[in-house]
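Reviewing the structure listed below.
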Amino acid sequence: MIEVVHSQKLKTAQEAVERIQDGDSLLVGGFGLTGTPFTLIDTITEQDRARNLTIISNNLGEAGKGLGKLLNSGHIRKAVGSYFTSNRDAVQAWSRGELEIELIPQGTLAEAIRAGGAGIAAFYTKTGVGTSLGAGKEERVFCGERHLLVEGIRAKVAIIRAYKADTLGNLVYFKTARNFNPVMATAADLVIAEVDEIVEAGQLEPEQIVTPHSYVDILVINDRYEKVGGTYVERSVEPG
Amino acid sequence: MNPDEIRKRIARRIALELESGMVVNLGVGIPTLIQDFLQPNHGVFLQSENGLLGMGPTPPDDEFDMDLISASKHPITLEPGASIFSSSDSFAMIRGGHIDVAVMGALQVSERGEIANWSIPGQDILGVGGAMDLVASAKTMMIAINHLTKDSKPKLVRNLSYPTSGIRFAQKVIDGGERIFIENSRMILREIAPDCTLEEISATTEAHFEVAEDLKTMPVTPHAMGSGIA
């Protein structure tokens with residue numbers, strides 16, 4: 001049994017996932033499996049209503065883990081991210097023509113999401129100039145250097161992983177599990193944050209808060225995974 | 001020598017290139033071995049693209065925490081004074097020109113220093129990661145590379161046949177047998193490992209290279225590199 005301080009934003013993973021529609025675009029936090037909202041992802045794999053998802057995430061987890069699970073359950077139509085090679089299932093699904101992939105350099109991806117969340121329609125970057133990933137993109141020279149135009153990215157829903165929330169929905173993160181999560185919290189119509197713990201508002205130092213509560217719509221408790229020997233594993237007992 | 005030993009040799013040699021005060025990004029692959037081969041009190045600030053400045057060595061097995069990882073997704077530690085930030089802040093640091101040295105792997109390097117490190121024609125490589133951001137914006141680039149591909153083809157080539165990672169050039173290339181500087185679009189062999197000959201290197205390198213007048217022997221064993229190196 002996990003003790004939970006109540007928050008008006010708190011929902012079950014099931015209730016949260018019902019807000020996702022067939023064909024939606026989803027920003028999903030994480031770098032590999034670190035900082036991945038495992039409980040929310042598993043809950044999406046168990047429902048049939050919202051399939052054909054476009055997943056915007058740095059990777060598709062690993063084979064059979066994290067977003068790798070959602071790929072294998074047939075919920076993903078398209079993946080947008082920077083590095084899919086580390087999930088052999090994703091590479092195979094792509095070569096069979098079952099998965100569309102859009103490859104974006106990691107920094108361009110991060111900045112496009114930042115821009116999307118900050119109301120910046122597009123920006124210019126040197127990254128990718130002269131490469132096949134930059135081919136066909138609008139180019140402009142600033143200060144004597146070539147730049148590519150990149151449009152901001154937003155999604156219908158963001159599912160992110162934080163460490164702790166307070167009852168208002170302010171978020172703090174744990175070590176490098178922060179990665180894409182804070183920026184993704186800014187760039188979706190609906191933001192669902194999976195956390196290990198909720199504390200009373202006022203218990204987090206204002207200077208410590210990374211994601212202010214106004215970005216967060218729904219809080220979900222991670223009740224399916226626990227860290228054992230430094231690695232996240234499914235809890236052996238049914239969540240109480 | 002087995003491939004693992006060669007990777008360690010390269011990481012050890014590159015560790016010697018890094019100076020106190022430098023901000024150094026370590027890329028996926030061989031570069032993320034380097035944190036284990038720096039001297040004590042090295043003063044180098046290691047940056048990891050996933051949002052960390054102040055990366056420390058690999059922890060002992062019983063202190064693994066998969067919430068604290070390198071770009072290669074392996075467990076690491078935090079040095080005193082380390083800071084953690086988001087991916088967008090991390091790449092602002094990279095793209096904004098705040099990285100002194102990027103150490104990265106490569107599939108090919110041309111004799112002018114062009115880098116191909118994300119895609120092989122005809123193969124399913126669906127990853128670019130942070131490579132292009134670093135090529136576009138790091139102040140200098142060092143390449144940590146195996147001398148030959150898995151099917152024994154030269155990686156140091158006259159012109160890239162693999163897709164390029166950008167329009168900026170690397171300054172140094174270090175593999176298991178040699179340390180090469182690229183100056184004015186020319187490769188110059190500066191060091192050669194004691195178990196390699198110039199003939200072997202010439203026979204397995206497609207790129208034109210010059211041999212430095214003061215060609216040195218590459219320090220390759222922990223003993224030759226001074227005490228304190230793992």
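These figures come from a predicted structure and were not determined experimentally. Here is how names work: the chains are called A, B, and so on, in the same order as the sequence lines, proteins then strands, and each is numbered from 1.
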Exercise. Should A:Lys175 and B:Ile69 be marked as a side-chain contact (heavy atoms from CB on, under 4.5 Å) after you check the CA-CA gap, both sets of side-chain angles, and the distance that decides it?
Worked result: CA-CA 9 Å; A:Lys175 298 186 178 171; B:Ile69 58 166; over 6 Å; no
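- Contact annotation for A:Ile113: neither backbone nor side-chain heavy atoms come within less than 4.5 Å of a heavy atom of chain B.
- Within a 6.0 Å radius of CG in B:Asp62, other residues, nucleotides and ligands contribute more than 12 heavy atoms.
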Exercise. How far apart are the C-alpha atoms of B:Trp118 and A:Leu103, what are their side-chain angles, what is the distance that settles it, and do they pass the side-chain contact (heavy atoms from CB on, under 4.5 Å) test?
Worked result: CA-CA 11 Å; B:Trp118 68 283; A:Leu103 206 56; 3.9 Å; yes
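- Once rounded to the nearest 0.5 Å, the distance linking CD1 of A:Ile101 with CG of B:Leu126 reads 4.5 Å.
- Of the atoms belonging to A:Thr108, heavy atoms from both backbone and side chain fall under 4.5 Å from chain B.
- Ranking B:Ala71, B:Ser90, B:Ala131 against chain A, the residue ahead of the rest is B:Ala71, based on heavy-atom pairs under 4.5 Å.
- Only the side chain of B:Leu52 comes within contact range of chain A, with heavy atoms under 4.5 Å apart.
- With a 4.5 Å cut-off on non-hydrogen atoms, A:Tyr232 touches chain B through its side chain but not through its backbone.
- Note on A:Pro105, A:Gly32, A:Gly229: by heavy-atom pairs under 4.5 Å with chain B, the leading option is A:Pro105.
- Only the backbone of B:Ser70 comes within contact range of chain A, with heavy atoms under 4.5 Å apart.
- There is no side-chain donor-acceptor pair under 3.5 Å between A:Tyr163 and B:Asp67.
- In this structure, CD1 on A:Ile104 lies 12.0 Å from CE on B:Met132, to the nearest 0.5 angstrom.
- Looking only at heavy-atom pairs under 4.5 Å with chain A, the residue among B:Gly129, B:Pro163, B:Gly130 that has the most is B:Gly129.
- The CD atom of B:Glu49 sits 11.5 Å away from atom OG1 of A:Thr176, with the distance rounded to the nearest 0.5 Å.
- Chain B forms the most heavy-atom pairs under 4.5 Å with one residue out of A:Arg178, A:Gln106, A:Lys227, A:Gln92, and that residue is A:Gln106.
- A donor-acceptor pair is defined here as one N or O able to donate and one able to accept, closer than 3.5 Å; such a pair exists between the side chain of A:Thr85 and the backbone of B:Gly127.
- Atom CZ of B:Phe85 is surrounded by more than 12 heavy atoms from other residues, nucleotides or ligands within 6.0 Å.
- More than 12 heavy atoms of other residues, nucleotides or ligands lie within 6.0 Å of NZ in B:Lys139, so this atom counts as buried by the packing criterion.
- A pairwise comparison of heavy atoms in A:Asn59 and B:Lys73 identifies ND2-NZ, 3.6 Å as the closest pair.
- Among the candidates A:Arg146, A:Glu111, A:Arg114, the residue making the largest number of heavy-atom pairs closer than 4.5 Å to chain B is A:Glu111.
- A:Thr231 contributes atom OG1, which lies 8.5 Å from atom CG of B:Asp65 (distance to the nearest 0.5 angstrom).
- Options B:Gly166, B:Gly51, B:Ser86, B:Ser119 differ in how many heavy-atom pairs under 4.5 Å they form with chain A, and the most are formed by B:Ser86.
- Contact residues of residues 117-141 of chain A toward chain B are A:Thr125, A:Lys126, A:Thr127, A:Gly128, A:Val129, A:Gly130, A:Thr131, A:Ser132, A:Leu133 (heavy-atom distance under 4.5 Å).
- Residue-environment remark: CG (B:Asn2) exceeds the threshold of 12 foreign heavy atoms within 6.0 Å.
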